[in-house]
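Quick notes on the structure that follows.
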Amino acid sequence: MAPDQAGGTLVEPKNSDCPWDDFDSHSYYTHNYGVLRDEDRKIIEQVRDFFAGIRDVYNARGLDVGTGPNLYPALAMLPLCKEITLWEHSRANVEWLQNEVRGHSPTWNPFWEVLTEKGRYQSVGDSRQALARRAKVHKGSIFDLPRAEWDVGTMFFVADSITSSKQEFTRAISKFVGALRPGAPFAIAFMENSTGYQAGNQLFPAIRVDEGIARRKLEPYAPDVIVSHIDSDGLLRDGYSGMILAHGRLRK
Ligand SMILES: C[S@@+](CC[C@H](N)C(=O)[O-])C[C@H]1O[C@@H](n2cnc3c(N)ncnc32)[C@H](O)[C@@H]1O
């Protein structure tokens with residue numbers, strides 16, 4: 001966790017207190033995405049079915065915020081998008097992404113195979129080439145996102161996993177939805193009841209989120225949002241109780 005000026009540890013760090021630029025991308029990637037886990041498969045299936053059913057968004061501009069070392073939200077937007085912005089704050093993760101999107105590792109193949117169980121994804125062709133052409137990595141903070149620029153968006157384990165401040169959590173959600181155009185489809189994932197996590201040797205903060213909190217935060221922007229709990233084997237972080245997926249369309 002972030003050190004304070006006396007060399008101790010901040011108990012409730014805010015986003016700017018954390019050493020994001022030194023995020024251990026490789027360690028986070030191998031721990032979380034080295035293999036396709038059951039909980040990610042369930043999330044991918046739901047997001048896939050949702051995006052595959054969207055008929056009025058195509059050749060779109062997609063946004064994934066806080067991409068970190070996770071390509072599957074961007075892969076899930078491919079059929080809808082002519083370009084996808086990966087908006088990431090950490091220098092280490094930006095460098096990791098710039099390299100990975102150029103020709104992604106075969107470890108992403110099982111994730112893509114789940115997506116291509118739906119025909120809409122098969123029409124993308126080679127996911128490596130498509131992502132290399134369409135993904136643009138941008139170094140920036142969620143708190144500096146411009147308004148109403150993107151047609152579709154994803155944000156996985158970010159608003160809840162970048163701060164221990166409830167105000168910042170709420171602001172992160174409003175910045176993400178504010179960056180999307182009215183009516184935009186979106187998918188957001190949260191860790192359920194997490195209080196923090198490790199990337200390599202470093203600890204990062206999290207906010208406790210449950211289904212009720214996720215629904216209350218999102219309904220003002222998307223009255224028909226669907227929020228669901230995803231069971232987990234509990235091996236990714238200490239103390240969390242599963243994952244939460246929220247998906248829907250912003251009000252017009
Ligand atoms: C728990 S990781 C999630 C990574 C990835 N989206 C995933 O699904 O595993 C949190 C991510 O948020 C990024 N992040 C931290 N502060 C941020 C900020 N202010 N704006 C945008 N991204 C930020 C971190 O660098 C990291 O990539």
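For this chain, numbers begin at 1 and follow the sequence in order. Model, not experiment: these values are computed from the prediction. Just so you know, ligand 1 is whichever comes first in the structure, and atom 1 is the first atom listed for that ligand.
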Report the relative orientation of the aromatic rings in Trp150 and Trp87; use parallel for angles under 30°, tilted for 30 to 60°, perpendicular for over 60°.
-> perpendicular
Report the part of Asn70 in contact with ligand 1, treating N, CA, C, O as backbone and CB onward as side chain, heavy atoms under 4.0 Å; options are side chain, backbone, both, neither.
-> side chain
Any idea which atoms of ligand 1 are less than 4.0 Å away from a heavy-atom of Ser161?
-> 1 (C)
Closest by any non-hydrogen atom to atom 6 (N) of ligand 1: pick that one out of Gly66, Ser90, Gly68, Ser16.
-> Gly66
Within reach of ligand 1, part of Tyr197 (heavy-atom separation under 4.0 Å) | side chain
Ionic contact status for Asp224 with Arg249, cut-off 4.0 Å | no
Protein contact to atom 26 (C) of ligand 1 [nearest heavy atom, distance to 0.1 Å] | Asn93 ND2, 3.7 Å
So for His31 against ligand 1, with non-hydrogen atoms under 4.0 Å, the contacting part is neither
Using non-hydrogen atoms of the residue, decide whether Glu168 is closer than 4.0 angstrom to ligand 1.
-> no
Indicate, as side chain, backbone, both or neither, the part of Trp20 found under 4.0 angstrom from ligand 1 when only non-hydrogen atoms are considered.
-> side chain
Using distance alone, decide if ligand 1 has a nitrogen or oxygen within less than 3.5 Å of any nitrogen or oxygen in Phe156.
-> yes
For atom 12 (O) of ligand 1, what's the nearest protein heavy atom and its distance?
-> Ile162 CG2, 3.5 Å
If you scan protein heavy atoms around atom 5 (C) of ligand 1, the nearest is Thr67 O, 3.1 Å
For atom 13 (C) of ligand 1, the closest protein heavy atom turns out to be Glu88 OE2, 3.5 Å
Counting each atom of ligand 1 from 1 as listed, which ones have a heavy atom of Arg237 under 4.0 Å away?
-> 1 (C)
Name the closest protein heavy atom to atom 2 (S) of ligand 1, giving the residue it belongs to and the distance to 0.1 Å.
-> Tyr28 OH, 3.6 Å
Please walk me through it: do Trp96 and Tyr29 pass ring-ring contact (aromatic ring centres under 6.0 Å, His included)?
-> CA-CA 10 Å; Trp96 187 94; Tyr29 157 69; 5.2 Å; yes
For atom 7 (C) of ligand 1, which protein heavy atom lies nearest, and how many Å away is it?
-> Tyr33 OH, 3.3 Å
Would the Phe190 and Phe157 ring centres measure less than 6.0 Å apart?
-> no
Looking at Asp151 and Arg61, does any basic side-chain N land under 4.0 Å from a carboxylate oxygen?
-> no
Please state which protein non-hydrogen atom is closest to atom 23 (C) of ligand 1 and give its distance, to 0.1 Å?
-> His89 CB, 3.4 Å
Under a 4.0 Å N-O cut-off, is there an ion pair linking Lys175 with Asp144?
-> no
Side-chain heavy atoms of Val137 within contact of Val101, under 4.5 Å | yes
Do the ring centers of Phe204 and Trp20 come within less than 6.0 Å of each other?
-> yes
Just do the salt bridge (Lys or Arg N to Asp or Glu O under 4.0 Å) check on Glu83 and Lys136 with the steps written out, would you?
-> CA-CA 7 Å; Glu83 65 173 64; Lys136 310 273 175 263; over 6 Å; no
Test of proximity, Phe23 against ligand 1: N or O pairs below 3.5 Å | no
heavy-atom search around atom 16 (N) of ligand 1 in the protein gives Asn15 ND2, 3.0 Å
Looking only at distances, please establish whether an N/O atom of ligand 1 is found under 3.5 Å from an N/O atom of Trp87.
-> no
Can Arg171 be said to sit on top of Phe143's aromatic six-ring, NZ or CZ under 6.0 Å from centre and within 45° of the ring axis?
-> yes
For Ser164, side chain to side chain donor-acceptor pair (under 3.5 Å) partners two or more places apart | none
Checking side chain to side chain donor-acceptor pair (under 3.5 Å) against Ser232, which of Glu39, Arg237, Lys42 comes through?
-> Glu39
